[in-house]
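All values below come from the heavy atoms of this structure, side chains included, with hydrogens, waters and symmetry mates left out.
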Amino acid sequence: MAGSGDIDGEVVFEVEHCIRIFKGGRVERYFGSDSVPASTDAATGVASKDRAISPDVSVRLYLPPVAGVSGEGEGKKLPLLIYFHGGGFCLHTAFNFVFHAYLTSLAARTRAIVVSVEYRLAPEHPLPAAYEDSWQAVLWAASHAPGAGEETWLTDHADFSRVYLAGESAGANIAHNMAMRAGAEGLPHGSRVNGVVLVHPYFLGRGKVPSEDWDPAMAENVVKMWSVVCPATTGVDDPWINPLADGAPGLEGLACGRVLVCLAEKDVIRDRGRAYCEGLKASGWAGEVEVVEVAGHGHCFHLMDFNGDEAVRQDDAIAEFVNR
């Protein structure tokens with residue numbers, strides 16, 4: 001490692017065993033950056049494939065077998081779930097083994113086509129890069145609504161009146177911000193965001209909340225991380241990270257009529273998610289908010305064991321929400 005007098009040797013942010021960011025711009029990632037290939041899953045029959053949208057943005061698509069076989073389900077249009085992975089805007093690839101396995105499972109459980117977005121990471125590409133890349137992916141998916149486009153899985157099988165935006169942690173933050181942008185700008189060709197799924201959303205705000213007591217060091221770290229991934233930010237009341245901040249766009253502008261928020265009892269940002277739900281209800285937004293809260297678990301617990309009882313309960317709630 002560089003000496004303490006070397007600017008590149010000064011660590012400005014670190015999550016142990018995950019990432020270390022240095023003042024000079026060097027980044028060391030220890031987890032989540034290795035990709036696995038697209039494939040057809042033998043257990044579920046879910047097929048996957050990759051598409052490059054632009055030099056900066058690509059996606060992995062997941063197609064459950066009901067859409068691709070003759071007989072039952074043939075010709076039936078499926079919900080379209082556009083998914084944004086988490087990782088604090090600075091970790092992971094959409095193609096790593098965790099997200100590949102999880103979204104294969106989720107596609108099977110929801111019987112939805114999943115489009116998992118690979119966006120650029122901070123700090124090499126500070127926010128709003130991830131937001132811009134994600135919006136590009138949303139527009140790309142929506143461009144298939146007329147029944148024409150480069151991706152036949154979407155033209156042949158996706159129901160563009162049932163588009164869902166989803167993600168966990170930072171990906172949930174992205175999903176919210178994409179829904180707000182869709183509300184402001186609309187989607188092309190009559191595509192419509194039917195719902196948003198926010199799993200353990202990465203939101204911040206001024207003042208301490210009780211859930212931070214589960215892990216005060218982690219609570220401090222998630223605030224510091226925001227300033228690293230978004231160096232131009234105004235702080236924890238930046239509307240991107242705090243939808244309830246003064247001056248943030250009104251939540252009544254959310255594009256959809258239904259929102260599912262999944263929370264975990266021991267997550268340090270749990271109470272930010274609760275406050276978001278209350279703020280949404282109080283905003284004048286005319287939609288319906290559903291909350292699923294799991295006891296005894298922490299942030300993104302389901303990615304460690306998505307076949308555990310509570311993870312399955314959470315994913316069952318997502319499947320029911322998407323198919324209602």
Check Asp271 with Arg274, please: is the shortest side-chain N to carboxylate O separation under 4.0 Å? yes

Partners passing salt bridge (charged side-chain N to carboxylate O under 4.0 Å, His left out) against Glu150 (at least two apart in sequence or in another chain): none

More than 12 heavy atoms from other groups under 6.0 Å of CD on Glu252: yes

Heavy-atom nearest pair, Pro239 first then Pro249, reads CB-CD, 3.9 Å

Applying the 4.5 Å side-chain criterion to the ILVMFWY set and letting contacts propagate, would Val291 and Phe321 be lumped into a single cluster? no

Tell me whether the guanidinium CZ or amine NZ of Arg20 lies under 6.0 angstrom from the six-membered ring centre of Phe13 and within 45° of its axis. no

Could you tell me whether Arg60 and Glu118 make a salt bridge, using a distance below 4.0 angstrom between a side-chain N and a carboxylate O? no

Contact check, side chains of Val117 and Ile82, non-hydrogen atoms, under 4.5 Å: yes

Quick one: side chain to side chain contact (heavy atoms under 4.5 Å, CB included) partners of His299, sequence neighbours excluded? Ser169, His200, Asp267, Ile269

Once the angle between the rings of Phe31 and Phe97 is folded into 0 to 90°, is it parallel (under 30°), tilted (30 to 60°) or perpendicular (over 60°)? perpendicular

Partners passing salt bridge (charged side-chain N to carboxylate O under 4.0 Å, His left out) against Glu212 (at least two apart in sequence or in another chain): Arg272

Would you say the side-chain atoms of Trp240 and Thr233 include a donor-acceptor pair closer than 3.5 Å? no

Tell me whether Lys76 is salt-bridged to Asp159, with the criterion being a basic N under 4.0 Å from an acidic carboxylate O. no

Rounded to the nearest 0.5 Å, what separation is found between the CD atom of Glu14 and the CE atom of Met225? 13.5 Å

Just verifying a value: how many Å separate Phe84 CZ and Asp133 CG, rounded to the nearest 0.5 Å? 11.0 Å

Before giving the answer on ring-ring contact (aromatic ring centres under 6.0 Å, His included), spell out for Tyr119 and His125 the whole-Å C-alpha distance, their side-chain angles and the decisive distance to 0.1 Å. CA-CA 10 Å; Tyr119 53 82; His125 305 282; over 10 Å; no

Side-chain heavy atoms of Leu303 within contact of Phe99, under 4.5 Å: yes

Side chain Thr110, main chain Leu106, donor-acceptor under 3.5 Å: yes

Any sub-3.5 Å donor-acceptor pair from Ser143's side-chain atoms to Trp140's backbone N or O? yes

Check for me, please, whether Leu91 and Val36 land in the same ILVMFWY cluster - side-chain distances under 4.5 Å, paths through other members count. no

Kindly say whether Leu187 contributes a backbone atom to a donor-acceptor pair with the side chain of Ser191 at under 3.5 angstrom? no

Would you say that Glu265 contacts His297 through its side chain, given a criterion of any heavy-atom pair below 4.5 Å between the two side chains? no

Ser54 and Asp56: side chain to side chain donor-acceptor pair (under 3.5 Å), yes or no, with the steps? CA-CA 5 Å; Ser54 74; Asp56 294 326; 5.1 Å; no

Regarding His176 and Tyr276, is there a side-chain donor-to-acceptor distance under 3.5 Å anywhere? yes

Of all the heavy-atom pairs spanning Ser116 and Ala94, show the shortest one and how long it is. OG-CB, 3.6 Å

Contact summary for Val228 and Pro123, nearest pair of heavy atoms: O-CB, 4.3 Å

Nearest 0.5 angstrom please: Glu310 CD to Asp305 CG, how far? 11.5 Å

Dump the intermediate steps for side chain to side chain contact (heavy atoms under 4.5 Å, CB included) on Val261 and Val197, then the final yes or no. CA-CA 6 Å; Val261 180; Val197 178; over 6 Å; no

Leu260 vs Ile318, side chain to side chain contact (heavy atoms under 4.5 Å, CB included): CA-CA, chis, key distance, verdict: CA-CA 8 Å; Leu260 173 65; Ile318 295 171; 3.9 Å; yes

Residues in salt bridge (charged side-chain N to carboxylate O under 4.0 Å, His left out) with Asp246, at least two apart? none

May I ask whether Val193 and Val322 are part of the same hydrophobic cluster, defined by side-chain heavy atoms of I, L, V, M, F, W, Y residues being less than 4.5 angstrom apart, directly or through others? no

Is any side-chain N of the basic residue among Glu320 and Arg324 closer than 4.0 Å to the acidic one's carboxylate O? yes

Hey, are Glu124 and Arg29 close enough for a salt bridge, meaning a charged N less than 4.0 Å from a carboxylate O? yes

Please tell me if the side chains of Leu61 and Ser48 come closer than 4.5 Å, counting only heavy atoms from C-beta onward. no

Any donor and acceptor pair, going by atom type alone, linking the side chain of Ser58 with main-chain N or O of Ala52 inside 3.5 Å? no

If you measure from CD on Gln314 to CG on Leu263, what distance do you get to the nearest 0.5 Å? 9.0 Å

Would you say the side chain of Lys77 lies within less than 4.5 Å of the side chain of Phe160, judging by non-hydrogen atoms? no

Checking side-chain contact (heavy atoms from CB on, under 4.5 Å) against His144, which of Thr152, Asp156, Leu154 comes through? Leu154

Tightest non-hydrogen contact, residues Ala129 and Arg120, listed as CB-NH2, 3.9 Å

Does any part of the side chain of Tyr164, heavy atoms only, come nearer than 4.5 Å to the side chain of Asn194, both counted from C-beta? yes

Heavy atoms, side chains only, cut-off 4.5 Å: are Leu127 and Phe89 in contact? yes

Keeping the roles fixed (side chain from Asp238, backbone from Ile241), state whether a donor-acceptor pair exists under 3.5 Å. no

Distance-only donor-acceptor check, side chains Thr44 and Asp41, under 3.5 Å: yes

Could you tell me which non-hydrogen atom of His302 sits nearest to which non-hydrogen atom of Val199, and how far apart they are? CE1-CG1, 3.6 Å

Any residue meeting salt bridge (charged side-chain N to carboxylate O under 4.0 Å, His left out) with Arg181, in chain and number order, not counting sequence neighbours: Glu132, Glu185

Is there a chain of hydrophobic side chains (I, L, V, M, F, W, Y, each step under 4.5 Å between heavy atoms) that links Tyr131 to Tyr202? yes

Give me the atom names and distance for the closest heavy-atom approach of Gly32 to Asn96. O-ND2, 3.1 Å

Heavy-atom side-chain proximity of Tyr30 to Glu16 below 4.5 angstrom: no

Straight-line distance of Lys49 NZ to Arg51 CZ, nearest 0.5 Å: 5.5 Å

Residues clustering with Val294 (ILVMFWY side chains joined when closer than 4.5 Å, directly or via others): Phe301

Would you say Leu198 ends up clustered with Leu103 if hydrophobic residues are merged whenever their side chains have heavy atoms under 4.5 Å apart, either directly or through other cluster members? no

Could you tell me whether the side chains of Glu168 and Tyr83 share a donor-acceptor contact shorter than 3.5 Å? yes

Strictly distance-based, threshold 3.5 Å: is any side-chain N or O of Glu151 a donor or acceptor partner for the main-chain N or O of Trp153? yes

Can you confirm whether the side chains of Asn177 and Asn173 place a donor and an acceptor under 3.5 Å from each other? yes

Do side-chain atoms of Asn221 reach the backbone of Ala217 as a donor and acceptor pair under 3.5 angstrom? no

Supply the atom-to-atom distance Leu81 CG to Ile113 CD1, rounded to the nearest 0.5 angstrom. 10.5 Å

